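Report on one structure; see the data block that follows.
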Protein chains: 2
Amino acid sequence: MKDKKTSPYHHGNLKEELLQTALEMIDKEGLDAITLRELTQRLGTSRTAVYRHFASKEALILGVIEKGYEHLNLLFTPIFEDRTYSVAERFERMGREYLNFAIEHPNLYRLLFGEMYRKEREEICDYKDETQATGLYALIGLLTEAQEEGIIAEVNPLIQAAMVWASIHGLASLLIDGHLMMSDNMEAIYEYSIGVLLKGLQ
Amino acid sequence: MKDKKTSPYHHGNLKEELLQTALEMIDKEGLDAITLRELTQRLGTSRTAVYRHFASKEALILGVIEKGYEHLNLLFTPIFEDRTYSVAERFERMGREYLNFAIEHPNLYRLLFGEMYRKEREEICDYKDETQATGLYALIGLLTEAQEEGIIAEVNPLIQAAMVWASIHGLASLLIDGHLMMSDNMEAIYEYSIGVLLKGLQ
DNA sequence: CATTTAATGTTAACATTGTCAACATATATT
DNA sequence: AATATATGTTGACAATGTTAACATTAAATG
C-alpha cells in the first residue's frame with residue numbers, strides 16, 4: 001500500500017503537474033480531448049484528486065489559461081523590445097512570431113484568444129492583465145515609438161493597436177480554423193498584410 | 001393514441017423543424033446549451049427521433065451550419081451588389097453589416113466562422129461553397145471593381161480579400177469573445193480600421 | 001382494396017463524463 | 001503523542017449521446 005517507489009499516497013506536486021499536463025494535452029490533442037479521468041490517469045492518481053486543488057474542471061482550465069498567458073508574455077515581449085531592430089522590423093517580426101505561435105499551437109491559441117470561459121475569465125484577469133500578458137501592451141508601446149519616429153500617424157495608439165491586433169488575429173484565426181484555403185499563399189498574404197497595415201497607418 | 005390534434009405519431013416536418021429550432025437555440029443560448037433531449041422536447045418528440053433524420057448530433061449541427069451560410073448569403077450579397085452606392089461606400093457598408101451580424105448573433109457567428117467541426121465541415125462545403133456563401137466571393141468582386149476604378153492597387157484580389165476579411169473577422173472575433181475591452185470605442189475603431197484598409201490597399 | 005415495404009417515432013438500456021459524499025492516509029501543528 | 005489539516009480514494013449519481021429492439025404510420029405494389 002505504501003510502496004513509495006511506485007506510488008506514494010501523496011503525489012507531492014500534483015497541482016502544478018495537473019496544470020502542466022493539462023496544458024500539454026490541450027496543446028497536442030485539443031480541449032475536447034481532456035477528461036479528468038484521462039488527465040489524472042496519466043499522473044497516476046484517481047479521478048477526483050483534482051478537486052483537492054481546483055474547484056472544478058473549469059477552474060483547472062482557467063489555471064491553464066493563466067499559465068498560457070505568462071508563457072506568451074515571455075515569448076513575445078523580448079521581440080517587441082529588441083532595439084537592435086528598427087521599429088518597422090520589430091513590427092514585422094512580432095506579427096510573424098504571433099502567427100507562428102497560432103499555427104504551431106492552434107489549440108492553445110484558441111484557448112487563449114477564443115471565447116472559452118469568456119465570462120469566468122474576466123474574473124481572473126481583467127483588461128490590464130490580459131493586455132500586458134498577451135503583448136498588446138508592448139504593441140501599444142511599439143506603435144507609440146513609431147509615432148514618435150514619424151513612421152505612422154499620431155492617432156490614439158490604443159485604437160491603432162486594436163486595429164493591428166485584430167488584423168493579425170483574424171488572419172491567424174481564419175488560418176487555423178480552416179477558412180482560408182490558401183495556406184500555400186500564407187507567406188504572400190502575411191507580407192501583403194503587413195505592407196497594407198504600415199501604409200494605412202501612415 | 002392517434003389524437004391528431006395534440007400529437008400525431010408522425011410529426012410531418014421534423015427534419016426542417018429540427019434544423020430551425022436548433023439554429024434558434026444556438027443563436028439565443030449558445031452551442032453548449034443544445035442537448036438532443038432539450039431540442040426534441042421543445043418539438044414534442046422523443047429524444048431519439050433525431051436519428052431518423054441525422055446520423056448524429058454532429059450531422060445535425062453541420063446542417064445548421066449549412067443553413068446559416070445560406071442565410072448569410074442572402075443577407076450580404078445584396079449589399080455588395082447595390083450599385084446605387086459607390087465602391088468605397090459599399091466597402092464600408094459591408095463591413096458594418098458583417099460586424100453587426102457578429103455582434104447581434106455571436107453564437108451563430110462563432111459556429112459559422114469558428115473551428116467547430118472544422119474537419120467535417122470540409123466534407124460538406126468545399127472552398128468554393130464557403131467562399132460563395134459567406135460573401136468572400138462578393139468581396140473579391142467588389143475589390144476587383146475597386147481596382148478597375150483605380151481606387152486600390154492592382155494586386156491579386158484573392159490576397160486582398162483575405163487580408164480585408166481577416167481584419168474585419170479579427171475585429172468581430174475579439175469583440176464578441178471579450179478580448180477588446182473598448183466596446184464603447186467600437187465605432188471609432190471600426191471607422192479607423194476601414195480608413196486604414198482603404199489607404200493601405202492603395 | 002389488401003398486403004407488403006419503407007419511413008418515422010418510441011422505449012429501454014449503455015458508456016462516458018463531471019461531480020459530490022463518505023472514507024482513508026499522510027503531513028503539519030500543538 | 002495527539003489532534004487537526006491537507007491530500008487522495010472509492011462509490012455513487014445525473015446528464016448526455018448513442019444504439020438496439022419494438023411500434024406506428026405512410027407509401028408502394030399487386
Side-chain angles (χ1 to χ4, degrees), chain A residues 1-23 25-26 28-65 107 111 116-117 119-121, chain B residues 1-23 25-26 28-65 107 111 116-117 119-121:
Chain A
M1 277 311 171
K2 39 163 65 183
D3 185 354
K4 286 225 169 189
K5 286 196 180 161
T6 62
S7 61
Y9 193 91
H10 280 129
H11 192 280
N13 195 23
L14 188 53
K15 181 168 186 177
E16 197 51 40
E17 291 199 26
L18 279 170
L19 286 172
Q20 184 62 36
T21 307
L23 190 142
M25 283 182 68
I26 292 176
K28 288 174 195 154
E29 303 161 51
L31 187 65
D32 293 338
I34 273 205
T35 69
L36 294 185
R37 281 163 168 84
E38 177 66 24
L39 174 61
T40 51
Q41 194 174 316
R42 296 196 189 185
L43 291 174
T45 73
S46 70
R47 334 161 198 102
T48 59
V50 181
Y51 291 90
R52 298 300 139 176
H53 302 277
F54 300 94
S56 62
K57 182 185 182 184
E58 181 179 297
L60 169 67
I61 304 294
L62 286 174
V64 173
I65 291 178
N107 295 319
L111 181 70
M116 221 66 75
Y117 305 119
K119 262 285 187 60
E120 300 75 10
R121 186 200 311 248
Chain B
M1 276 315 170
K2 41 163 64 182
D3 185 354
K4 284 224 169 190
K5 286 195 181 161
T6 61
S7 62
Y9 193 92
H10 280 128
H11 192 281
N13 196 23
L14 188 52
K15 182 168 186 176
E16 196 52 39
E17 291 199 25
L18 279 170
L19 286 173
Q20 184 61 35
T21 306
L23 189 141
M25 283 182 70
I26 292 176
K28 288 174 195 155
E29 304 162 50
L31 187 65
D32 292 339
I34 273 205
T35 69
L36 294 186
R37 281 165 169 83
E38 178 66 24
L39 174 63
T40 51
Q41 193 174 316
R42 296 195 188 185
L43 291 175
T45 72
S46 70
R47 324 153 200 105
T48 58
V50 181
Y51 292 91
R52 298 299 139 175
H53 302 277
F54 300 95
S56 62
K57 183 185 182 183
E58 180 178 297
L60 168 67
I61 303 295
L62 286 174
V64 173
I65 291 178
N107 295 320
L111 180 71
M116 222 66 75
Y117 306 119
K119 263 283 187 60
E120 299 75 9
R121 186 199 312 247

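The sequence lines fix the lettering, A, B, ..., with proteins before strands; numbering per chain opens at 1. The model shown is predicted, which means the values in this text are computed figures rather than measured ones.
Of all nucleotides listed (D/dT9, D/dG8, D/dT18), D/dT18 comes nearest to the side chain of B/S56. Across D/dT18, C/dT10, C/dT19, the shortest atom-to-atom separation from the side chain of B/R52 is found for C/dT10.
Residues B/I34 and B/L60 fail the side-chain proximity criterion, which asks for heavy atoms closer than 4.5 Å. B/E16 places a side-chain heavy atom less than 4.5 Å from the side chain of B/L19.
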Produce the list of close N/O pairs, under 3.5 Å, pairing protein atoms with atoms of nucleotides 10-15 of chain D; give distances to one decimal.
{"from": "D/dT10", "atom 1": "O4", "to": "A/T48", "atom 2": "OG1", "distance (Å)": "2.8"}

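When the C1' atom of C/dG9 is taken as reference, atom NZ of B/K15 falls 16 Å away, rounded to whole Å. As a whole-Å value, the separation of A/Q41 CD from C/dT17 P is 10 Å. Between the CG atom of A/L36 and the P atom of D/dG8 there is a distance of 14 Å, rounded to whole Å. For the pair B/L43 CG and C/dT10 P, the interatomic distance rounds to 11 Å; values are reported in whole Å. In this structure, the CG atom of A/D32 is 13 Å from the P atom of D/dG17, given to the nearest Å. Regarding A/I61, its CD1 atom lies at a distance of 12 Å from the C1' atom of C/dG18, rounded to whole Å. With rounding to whole Å, B/N13 atom CG is found 11 Å from C/dT8 atom P. Counting to the nearest Å, the P atom of D/dT25 and the CG atom of B/L14 are 16 Å from each other.
Sorted pairs that involve residues 46-58 of chain B and meet salt bridge (charged side-chain N to carboxylate O under 4.0 Å, His left out), not counting sequence neighbours, are lacking altogether.
Residue A/Y51 places none of its side-chain N or O atoms closer than 4.0 Å to OP1 or OP2 of C/dC20. At C/dA7, none of the side-chain N or O atoms of B/H53 fall inside 4.0 Å of OP1 or OP2 (strictly under the cut-off).
At a threshold of 4.0 angstrom between heavy atoms, the contacts of B/I34 are confined to the sugar-phosphate backbone, with no base atom among them.
A/I65 CD1 to A/R121 CZ: the interatomic distance, rounded to the nearest 0.5 Å, is 4.0 Å. The distance from the CG atom of B/L23 to the CG atom of B/L111 is 8.0 Å, given to the nearest 0.5 Å. Atoms NE2 and CG, on A/H53 and A/N13 in that order, are 9.0 Å from each other to the nearest 0.5 Å.
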Acceptor/donor pairs from residues 36-45 of chain B side chains to any protein atom, 3.5 angstrom cut, sequence neighbours excluded:
{"from": "B/E38", "atom 1": "OE2", "to": "B/R42", "atom 2": "NE", "distance (Å)": "2.9"}
{"from": "B/E38", "atom 1": "OE2", "to": "B/R42", "atom 2": "NH2", "distance (Å)": "3.3"}
{"from": "B/T40", "atom 1": "OG1", "to": "B/L36", "atom 2": "O", "distance (Å)": "2.7"}
{"from": "B/T40", "atom 1": "OG1", "to": "B/R37", "atom 2": "O", "distance (Å)": "3.1"}
{"from": "B/R42", "atom 1": "NH1", "to": "B/E29", "atom 2": "OE2", "distance (Å)": "3.2"}
{"from": "B/R42", "atom 1": "NH2", "to": "B/E29", "atom 2": "OE1", "distance (Å)": "3.3"}
{"from": "B/R42", "atom 1": "NH2", "to": "B/E29", "atom 2": "OE2", "distance (Å)": "3.2"}

